[in-house]
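The block underneath contains the structure these notes are about, expressed in structure tokens.
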Amino acid sequence: MPELPEVETVRRGLAPAMEGATFSRVELRRPDLRFPLPQDFARRLSGARVESLGRRGKYLVASLSTGESLIMHLGMSGRFTVERGSDRAPVEDNRALGPEAPPDPRHDHVIFEMAGRGAGARIVFNDPRRFGFMDLVEPGGLETASHFAGMGPEPLSETFTPERFNATLKGRSAPIKAALLDQHVVAGVGNIYACEALFRAGISPRRKAASVAGARGVRLHAAIRAVLEEAIEAGGSTLRDFADASGGRGYFQHNFDVYDREGRPCPACGTSVRRIVQSGRSTFLCPACQR
DNA sequence: AAGTAGTCCTGAGTGC
DNA sequence: TGCACTCAGGACTACT
């Protein structure tokens, strides 16, 4: 569920506790995440200062004073919380589908204790399904790291142009929905925003990617950017809610047009939203609006 | 080479 | 109430 906007929201929430701070203690309660952590993970992190916390696609990337980079992926159910004193505030935005229970401490897998700027902050990575993972990349290896090799452009950067998008779609026979989920085509789009962008652009998810190249591709390019930008904007307001933390805070109400709305009326024309399965994943669409 | 199915994991939801 | 079952999905592997 955490797609680009959710990861970006987490980045913004985590940055104040991490940037400029040093790892004073790293605890691995459960090193067997999606992929095993490097053997010397804790040792290599300890004492390192976080120069900056960035994001690439759905990955968080902490650039360290040692020259190494700490890569973090939330997988399906990964969440971070930042504790200061007795306060434990969630830094996440994947409650888009409704209220979620507070993190179960049994699934607190990695704990960072930070010193320096953001002193005293305790950052906890919790992930019940363990689809998330972390990795350390040696200096200079970021571009060629297996996680990032061949990854498509950042959709909100200037490198993601309609021309480049169209060129990538050309010659692909897979359905456009599947192409959008391919991180080599464009980074950071997952199942939810693929559905939403296709709805926004009025394009059937079943259409072959190659047939989207052209005017449809231009529309889809704009729709991808729009849905991602709006979701980041909405996520930002969630963070502010958490910052206030004045009790009884409401859950972030994210309005999806089609995602998880099977049988409910299309917001544009009222036709029943349909759910189909493409490569084993649910796709939601308006059969009238999307051609 | 590109596309697709299977896999990992746990908790929530559903039906009997 | 409880049990069995399905589903959620990011990204990797193994095939066709």
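Chain identifiers are assigned alphabetically (A, B, ...) following the order of the sequence lines, protein sequences preceding nucleic acid strands; residue numbering begins at 1 within each chain.
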TODO: Measure the shortest side-chain to side-chain distance between A/His107 and A/Arg30 over non-hydrogen atoms and say whether it is less than 4.5 angstrom.
DONE: no
Open item on the list: Measure NZ/A/Lys58 against P/C/dC12 and give the value in whole Å, please.
Closed with: 10 Å
TODO: Quickly work out the A/Phe35 CZ to B/dC8 P distance and round it to whole Å.
DONE: 13 Å
Open item on the list: Distance alone, cut at 3.5 Å: any donor-acceptor contact between the side chains of A/Tyr193 and A/Glu6?
Closed with: yes
Task: A/Asp260 CG - B/dG13 P separation (whole Å) - done: 12 Å
Task: Distance, rounded to the nearest Å, where A/Asp127 contributes CG and C/dG10 contributes P - done: 13 Å
Task: Closest nucleotide among C/dA11, B/dT10, B/dG3 to the A/Ser173 side chain - done: B/dG3
TODO: Look at A/His107 and B/dG11 and indicate whether a side-chain polar atom (N or O) is within less than 4.0 Å of OP1 or OP2.
DONE: yes
- [ ] Nearest whole angstrom, please: distance from the P of C/dG10 to the CE of A/Met151.
- [x] 13 Å
Task: Below 4.0 Å: OP1/OP2 of B/dG3 and any side-chain N or O of A/Arg172 - done: yes
- [ ] Check every strand shown and say whether A/Tyr59 touches a base, only sugar-phosphate, or nothing at a heavy-atom separation below 4.0 Å.
- [x] sugar-phosphate
Open item on the list: Counting only side-chain heavy atoms from C-beta out, which of B/dG3, C/dG10, C/dC7 sits nearest to A/Asn191?
Closed with: C/dG10
- [ ] Could you state the atom-to-atom distance from CZ of A/Arg56 to C1' of C/dA11 in whole Å?
- [x] 15 Å
Open item on the list: Among B/dT4, C/dA8, C/dG10, which nucleotide has an atom closest to any side-chain atom of A/His73?
Closed with: C/dG10
TODO: Please state whether the phosphate of C/dA11, meaning OP1 or OP2, lies under 4.0 angstrom from any side-chain nitrogen or oxygen of A/Gln183.
DONE: yes
TODO: Considering just the side-chain nitrogens and oxygens of A/Ser77, establish if one lies under 4.0 Å of OP1 or OP2 belonging to B/dC9.
DONE: no
Task: A/Arg34 or A/Arg106, whichever maps to the more 5' nucleotide of DNA chain B - done: A/Arg34
Open item on the list: For C/dG10, is there a stacking contact with A/Phe131, counting only centres under 5.5 Å and planes under 30°?
Closed with: yes
Open item on the list: In this structure, how many angstroms lie between the P atom of C/dA8 and the CD atom of A/Glu262, rounded?
Closed with: 10 Å
Open item on the list: Using side chain to side chain donor-acceptor pair (under 3.5 Å), reason through A/Thr22 and A/Arg49 one step at a time and then give a plain yes or no.
Closed with: CA-CA 4 Å; A/Thr22 298; A/Arg49 189 163 49 91; 5.1 Å; no
- [ ] Specify the separation, in whole Å, of atom CZ of A/Arg79 and atom C1' of B/dC9.
- [x] 16 Å
- [ ] Considering just the side-chain nitrogens and oxygens of A/Arg129, establish if one lies under 4.0 Å of OP1 or OP2 belonging to B/dC8.
- [x] no
Open item on the list: Distance alone, cut at 3.5 Å: any donor-acceptor contact between the side chains of A/Thr283 and A/Gln278?
Closed with: yes
TODO: Take the angle between the ring planes of A/Phe148 and A/Tyr59 and call it parallel below 30°, perpendicular above 60°, tilted in between.
DONE: perpendicular
Task: Aromatic plane relationship, A/Phe125 with A/Phe80 - under 30° parallel, 30 to 60° tilted, over 60° perpendicular - done: tilted
Open item on the list: I'd like to know if A/Arg281 reaches the base of C/dG10 with its side chain, counting only an N/O donor and acceptor under 3.5 Å.
Closed with: yes
Open item on the list: Looking only at the side chain of A/Ser279 (C-beta and beyond, no hydrogens), which of the listed nucleotides B/dA5, C/dC12, C/dA8 gets closest?
Closed with: B/dA5
